[in-house]
Amino acid sequence: MPRKKLLVTPNDAGQRLDKFLTKTFPNLPQQVLYKCIRTKDVRLNGARCAPDSRLSPGDALTLYWQEEYFQQAPKEYDFLKAPARLRVVYEDENLMLLDKPPGLIVHPGDDYHFDSLIARVQRYLYDRGEYRPEEENSFAPALVNRIDRNTGGIVMAAKTAEALRILNQKVKNRELQKLYLCVVHGHMEQPSAVLTGYLTKNEAQNRVYFSARSSPGAKSVRTGYQVLEERGGCSLLRVELFTGRTHQIRAHMAAIGHPLAGDGKYGRNQQNKALAFPYQALCSYRLGFRFTSPAGGLEYLNGRDFEAQEVWFLEEFRRLGPDRLKETPKK
């Protein structure tokens, strides 16, 4: 029986044994994996182990199964076909904050042609010698959050498994402050407010529906906004998400009668034709780290704020009609 030995790296540590082996050897059927663990054909530091055994740096795995199940590292990586173009807002040894342009997908989709934000990140790190997939068992640099294809702004990427774990937890615990700029049709009756309601997602249509009342499958939403400027029948808003739901800003603003300029899904084509916005006028322009629980190796980020380098629609917005200035955003 072929044998293979693996040493657990820091990027692999903390995972369950079965999850690690599934990611490392995708050709290995699940039933074969659990049989090998049960019959001691998988050994952890020379001893019997269980599917839920937690891995530590330096652990030695010895694996006994057929050669066809050992996946070899590919000679060519798809991410190397992606353009080497990134707008980096901030970078250190643990993470990157990227200013994603509208029109770029964050992850590969059905119409994927070797270009996505994660592919650009992996190529960037590969070119700099910070990512060597042939030396990794199960980890690859990954995005922590995502925004719509036609929305621009800040996206976080983790360079290490530890950073990915910590940031995912911070997102789940809502220990990050996300601020958006957007242009909506019409005059807002209130200069600022916190909107509430419920969203239901239709997967087949890739859209959500708003309701003022709860219903089965609906998720609650809270969206805060402040009017910054008004021009030519449109309003520039600063928006804060207190919940992070699919298409939340776009659907919530449309539900109250103020769809985003340029939004073909939730907006009004007749209104959009009069404006020169090729995408919905929405940008995730500021990210703040507001940790309320331990952040381990990322504690140094607590209290810091970062802003996108460019808000593509501001110049076009300020060409619209008479100016009623409320407050000028930094970007």
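Values below: every heavy atom of this structure, side chains too, minus hydrogens, waters and symmetry copies.
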To the nearest 0.5 angstrom, please state how far the [atom1] atom of [X] sits from the [atom2] atom of [Y].
| X | Y | atom1 | atom2 | result |
| --- | --- | --- | --- | --- |
| Q31 | L28 | CD | CG | 8.5 Å |
| I154 | E307 | CD1 | CD | 7.5 Å |
| Y198 | T243 | OH | OG1 | 11.0 Å |
| T223 | L237 | OG1 | CG | 11.0 Å |
| T246 | D148 | OG1 | CG | 8.0 Å |
| C36 | L63 | SG | CG | 8.5 Å |

query = Cation-pi between K159 and Y131: NZ/CZ under 6.0 Å from ring centre and within 45° of the ring axis?
reply = no

request  = Tell me whether the guanidinium CZ or amine NZ of R207 lies under 6.0 angstrom from the six-membered ring centre of Y209 and within 45° of its axis.
outcome  = yes

Keeping [X] on the side-chain end and [Y] on the backbone end, is there a donor-acceptor pair under 3.5 Å?
| X | Y | answer |
| --- | --- | --- |
| Y266 | V208 | yes |
| N168 | N145 | no |
| Q169 | R165 | no |
| N272 | A261 | no |
| N45 | D59 | no |
| H258 | V184 | no |
| R174 | V171 | no |

Heavy-atom closest contact ([X] atom, [Y] atom, distance):
| X | Y | result |
| --- | --- | --- |
| T200 | A218 | OG1-CB, 3.5 Å |
| S235 | H187 | OG-CA, 3.9 Å |
| D115 | P83 | OD1-CD, 3.2 Å |
| G288 | D305 | CA-OD1, 3.4 Å |
| F139 | A158 | CZ-O, 4.1 Å |
| I118 | P108 | CG2-CD, 4.0 Å |

Reference residue F79; test ring-ring contact (aromatic ring centres under 6.0 Å, His included); the match among Y124, Y126, F114 = Y126

key: Member of D12, L55, V8 meeting the side-chain contact (heavy atoms from CB on, under 4.5 Å) criterion with S138   = D12

With no hydrogens and no angle check, just 3.5 Å: does a side-chain donor-acceptor pair link [X] and [Y]?
| X | Y | answer |
| --- | --- | --- |
| K100 | S284 | no |
| S116 | H107 | no |
| D99 | Y90 | no |
| D41 | T39 | yes |

Less than 4.5 Å apart, side chain to side chain, heavy atoms only: is that true for [X] and [Y]?
| X | Y | value |
| --- | --- | --- |
| S293 | K170 | yes |
| R245 | K201 | no |
| N94 | I166 | no |
| F20 | L61 | yes |
| V106 | R149 | no |
| F317 | E229 | yes |
| R3 | W65 | no |
| Q271 | P259 | yes |

Please determine whether residues [X] and [Y] belong to a single hydrophobic cluster, defined as Ile, Leu, Val, Met, Phe, Trp and Tyr linked transitively by side-chain heavy-atom distances below 4.5 Å.
| X | Y | value |
| --- | --- | --- |
| L314 | W312 | yes |
| L260 | V239 | yes |
| V221 | Y180 | no |
| I256 | L282 | yes |
| V183 | Y285 | yes |

Take atom [atom1] in [X]; do more than 12 heavy atoms of anything else shown fall under 6.0 Å from it?
| X | atom1 | value |
| --- | --- | --- |
| E189 | CD | no |
| E315 | CD | no |
| K81 | NZ | yes |
| K219 | NZ | no |

request  = Taking side-chain hydrogen bond (donor to acceptor under 3.5 Å, both in side chains) as the test, write out the residues that go with R132, two or more places apart.
outcome  = none

request  = On the 0 to 90° scale, with breaks at 30° and 60°, tag the F289-F306 ring pair as parallel, tilted or perpendicular.
outcome  = perpendicular

message = So that I can tick it off, tell me whether E316 and R318 are bridged by a salt bridge, with the cut-off set at under 4.0 angstrom between side-chain N and carboxylate O.
response = no

query = Would you call E175 and R290 a salt bridge, using N to O less than 4.0 angstrom?
reply = no

query = Can K4 and F25 be said to form a side-chain contact (heavy atoms from CB on, under 4.5 Å), step by step?
reply = CA-CA 12 Å; K4 185 178 183 70; F25 302 104; 4.0 Å; yes

ask   = Please walk me through it: do S220 and T196 pass side-chain contact (heavy atoms from CB on, under 4.5 Å)?
value = CA-CA 7 Å; S220 63; T196 61; over 6 Å; no

ask   = Given the rule in the side-chain contact (heavy atoms from CB on, under 4.5 Å) test, do M96 and V88 qualify, once you have shown the distances and angles that lead to the verdict?
value = CA-CA 7 Å; M96 302 175 69; V88 180; 3.9 Å; yes

request  = Go through Y77 and Q122 one step at a time and tell me if the side-chain contact (heavy atoms from CB on, under 4.5 Å) criterion holds.
outcome  = CA-CA 10 Å; Y77 301 108; Q122 292 177 354; over 6 Å; no

query = Just one of Q280, R146, H247 clears the side-chain hydrogen bond (donor to acceptor under 3.5 Å, both in side chains) bar with T151, so which one?
reply = Q280

task = Assess whether salt bridge (charged side-chain N to carboxylate O under 4.0 Å, His left out) is satisfied between R16 and D18, documenting all intermediate values.
result = CA-CA 6 Å; R16 284 173 50 121; D18 55 350; 2.8 Å; yes

